[in-house]
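Note sheet for the following structure.
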Amino acid sequence: MINIVGQYRLGEQTIDEADLANDPISQFEISKLLPLEIAGYDISFTNSALFMVATVGLSAGFLMLTTSGRGLIPTRMQSISEMLYEFVAGMLRDSAGSEGMKFFPLVFSLFIFILVANMFGMFPYFFTVTSHVIVTVMLAMLVISTVIIYGIWRNGLGFFKLFVPSGIPLAVMPLIIPIEILSFISRPISLSIRLFANMLAGHITLKVFAGFIVMLSGAGIGGVLASILPLALTVALTGLEFLVAFLQAYVFAMLTCMYLNDAIHPSH
Amino acid sequence: MATDSNAASAAEKVFPPFDPSTIPSQVLWLAITFGVLYFLMSKIALPRISSILEVRSDRIAQDLDEANRLKTESDEAIAAYEQELADAKSRAHGIAQEARDAAKAELDAKRESVEADLTNKVSEAEKRINGIKTKAMGEVGAIAEDMTAELVTLLTGGKATKAEIASAVNSAKN
């Protein structure tokens with residue numbers, strides 16, 4: 001069914017565009033570019049998959065091409081790659097110590113993937129990969145399962161000291177431990193919802209205000225004058241969204257570093 | 001027509017970010033793409049950047065060491081130069097003193113030899129004067145005898161013998 005709708009949309013651009021102009025939700029729709037199905041699962045190559053590939057292609061391509069010269073004196077582009085490296089490395093080292101550096105490729109990949117995916121979302125007509133909750137949930141689950149598996153592998157049962165804060169009287173333990181467990185469980189939820197909700201809400205807001213401009217300009221000369229306000233707001237929101245796009249990638253990577261620190265040093 | 005189909009599809013569709021029918025596809029493609037990204041980052045990009053930064057910091061440390069080494073060397077060279085200069089100054093002073101001393105000694109020697117020469121000449125002259133004086137004194141007797149013989153002849157008209165005159169002159173001289 002969805003397959004048909006997707007092809008239908010692709011086939012008739014005019015309808016698609018009219019739809020995009022009015023409906024702030026349609027930008028999150030997934031359309032199939034290459035329908036595939038294996039064992040009853042729909043694994044079509046969609047616009048979402050296309051932008052995941054583009055995200056990986058751009059980030060990996062940029063980082064590898066700019067550093068291929070291995071310049072002792074970096075070019076401008078090589079400097080950007082080095083700054084990204086040092087930014088994430090500094091973040092991880094500060095919060096998880098030198099032992100945390102074994103997770104550097106993971107944290108760096110998460111940061112660059114979310115950053116580039118968010119930035120891609122800022123282009124009109126581009127699909128925002130991180131606006132789908134399943135994507136952010138999978139990324140958060142990757143982080144939390146890394147924390148749990150590495151934490152238990154490294155500390156054994158000592159990992160569960162994470163739930164037992166030291167220096168707390170025994171009497172309040174029955175109260176504290178469930179709270180700590182609950183806060184640990186809520187981590188992947190908050191990690192994924194924060195990113196997803198920020199991207200979703202930001203893009204909807206942007207779309208709604210931009211839609212006001214179109215609607216008002218359609219209402220004669222007074223409407224055109226009145227549309228200056230939503231236009232100004234759209235411009236301001238675009239700037240804000242760029243900030244949010246970076247900030248959410250930073251927050252996700254930062255929290256990943258802190259959770260990894262818990263896996264390395266569970267007793268706090 | 002378009003609005004009808006939109007309305008119809010919107011009614012039966014769920015909110016796209018929560019649409020469960022797209023989950024398998026997104027999970028699969030996310031796993032593939034993120035896996036590729038992780039692989040490329042951990043195997044190629046990050047080790048490469050890390051080695052670039054390492055090489056650079058090594059190079060900077062090496063250059064700083066080299067600069068320090070050169071600085072120490074130049075400090076040593078300056079110290080050696082100053083030492084050399086002080087030595088040369090003291091040597092120059094010594095040489096000047098020596099030259100002064102040598103000149104003075106030479107002058108003294110010359111003066112001494114000249115003085116000795118003069119003394120010799122003076123004593124020789126004195127000797128000669130003495131000789132002349134003795135000779136002159138010796139001849140005084142003969143002159144006196146001649147004059148006496150003449151005077152005797154003029155006064156007496158006679159002649160006195162040489163022996164008489166000699167004894168008379170001798171007695172008058174004494």
Side-chain angles (χ1 to χ4, degrees), chain A residues 1-2 5 8 12 14-15 18-19 22-23 25-30 32 36 41-46 48-50 52-53 55-57 59-60 63-64 67-68 70-74 78 81-82 84-86 89 104-106 108-110 112-113 129 131-135 138-139 142 196 200, chain B residues 1-70:
Chain A
M1 177 63 208
I2 289 159
V5 171
Y8 171 75
E12 294 190 30
T14 47
I15 291 166
D19 194 26
N22 299 325
D23 178 12
I25 302 301
S26 65
Q27 59 179 318
F28 305 113
E29 271 169 16
I30 284 182
K32 292 176 189 179
L36 288 169
Y41 288 108
D42 178 11
I43 52 155
S44 307
F45 190 80
T46 59
S48 169
L50 176 69
M52 288 177 193
V53 170
T55 298
V56 171
S59 29
L63 283 159
M64 294 197 300
T67 56
S68 62
R70 292 167 179 270
L72 190 64
I73 297 155
Q78 192 186 321
S81 294
E82 287 173 13
L84 281 168
Y85 179 98
E86 283 177 337
F104 181 57
L106 174 69
F108 190 87
S109 301
L110 282 168
I112 204 81
F113 184 87
V129 174
S131 68
H132 274 246
V133 72
I134 183 64
V135 173
M138 291 314 289
L139 294 176
L142 175 66
F196 149 74
L200 184 80
Chain B
M1 164 70 191
T3 40
D4 278 0
S5 88
N6 271 349
S9 67
E12 62 191 71
K13 263 192 299 176
V14 291
F15 185 52
F18 296 137
D19 186 353
S21 70
T22 63
I23 285 178
S25 154
Q26 291 202 71
V27 170
L28 177 76
W29 287 104
L30 177 67
I32 292 170
T33 52
F34 193 80
V36 168
L37 179 70
Y38 183 85
F39 176 80
L40 291 177
M41 291 297 110
S42 62
K43 294 290 173 219
I44 302 171
L46 298 178
R48 190 190 285 170
I49 298 174
S50 157
S51 84
I52 289 171
L53 295 175
E54 221 162 86
V55 164
R56 184 176 307 145
S57 71
D58 281 1
R59 177 67 189 272
I60 288 168
Q62 198 183 315
D63 284 1
L64 280 177
D65 284 355
E66 178 72 7
N68 271 333
R69 194 182 63 73
L70 289 176

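Only heavy atoms go into these numbers, but all of them, side chains included; no hydrogens, no water, no symmetry mates. Throughout, protein chains are lettered first and strands after them, A, B, ... in sequence-line order, and every chain is numbered starting at 1.
- Using a 4.5 Å heavy-atom cutoff, the side chains of A/Val56 and A/Phe113 are in contact.
- With a 4.5 Å cut-off on non-hydrogen atoms, A/Thr55 does not touch chain B at all.
- Both the backbone and the side chain of A/Leu106 have a heavy atom closer than 4.5 Å to some heavy atom of chain B.
- Heavy-atom pairs under 4.5 Å with chain A were tallied for B/Leu28, B/Val27, B/Thr33; the largest tally goes to B/Thr33.
- Annotation: maximal heavy-atom pairing with chain A below 4.5 Å, among B/Pro24, B/Ser25, B/Ala31, occurs at B/Ser25.
- Of the atoms belonging to B/Leu46, heavy atoms from both backbone and side chain fall under 4.5 Å from chain A.
- Ring-plane geometry between A/Tyr85 and A/Phe108 is classed as tilted, the angle between the planes lying from 30 to 60 degrees on a 0 to 90 degree scale.
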Take B/Arg69 and B/Asp65 through the test salt bridge (Lys or Arg N to Asp or Glu O under 4.0 Å) and record every step on the way to the result. CA-CA 6 Å; B/Arg69 194 182 63 73; B/Asp65 284 355; over 6 Å; no
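- Two residues are said to be in side-chain contact when any heavy atoms from C-beta on lie closer than 4.5 Å; A/Leu110 and B/Phe34 meet this criterion.
- Within 6.0 Å of atom CZ in B/Phe18, more than 12 heavy atoms from other residues, nucleotides or ligands are found, so the atom counts as buried in its surroundings.
- Taking A/Gly57, A/Ser131, A/Pro74 one by one and counting their heavy-atom pairs under 4.5 Å with chain B, the maximum is reached by A/Pro74.
- Remark: the backbone N or O of A/Ser48 is paired with a side-chain donor or acceptor of A/Thr46 at under 3.5 angstrom.
- For the set A/Met52, A/Gln78, A/Glu86, the count of heavy-atom pairs under 4.5 angstrom toward chain B peaks at A/Met52.
- At a 4.5 Å heavy-atom cutoff, the contact between B/Ser51 and chain A is made by side-chain atoms alone.
- Although no hydrogens or angles enter the test, the distance criterion places a donor-acceptor pair under 3.5 Å between the side chain of A/His132 and the main chain of A/Phe28.
- Within the 4.5 Å cutoff, the side chain of B/Arg56 has heavy atoms near those of the A/Glu82 side chain.
- Of the atoms belonging to B/Leu30, heavy atoms from both backbone and side chain fall under 4.5 Å from chain A.
- Interface remark: A/Phe45 contributes backbone and side-chain atoms alike to the contact with chain B (heavy atom separation under 4.5 Å).
- The part of A/Leu200 that comes within reach of chain B is its side chain, from C-beta onward, which places non-hydrogen atoms under 4.5 angstrom from that chain.
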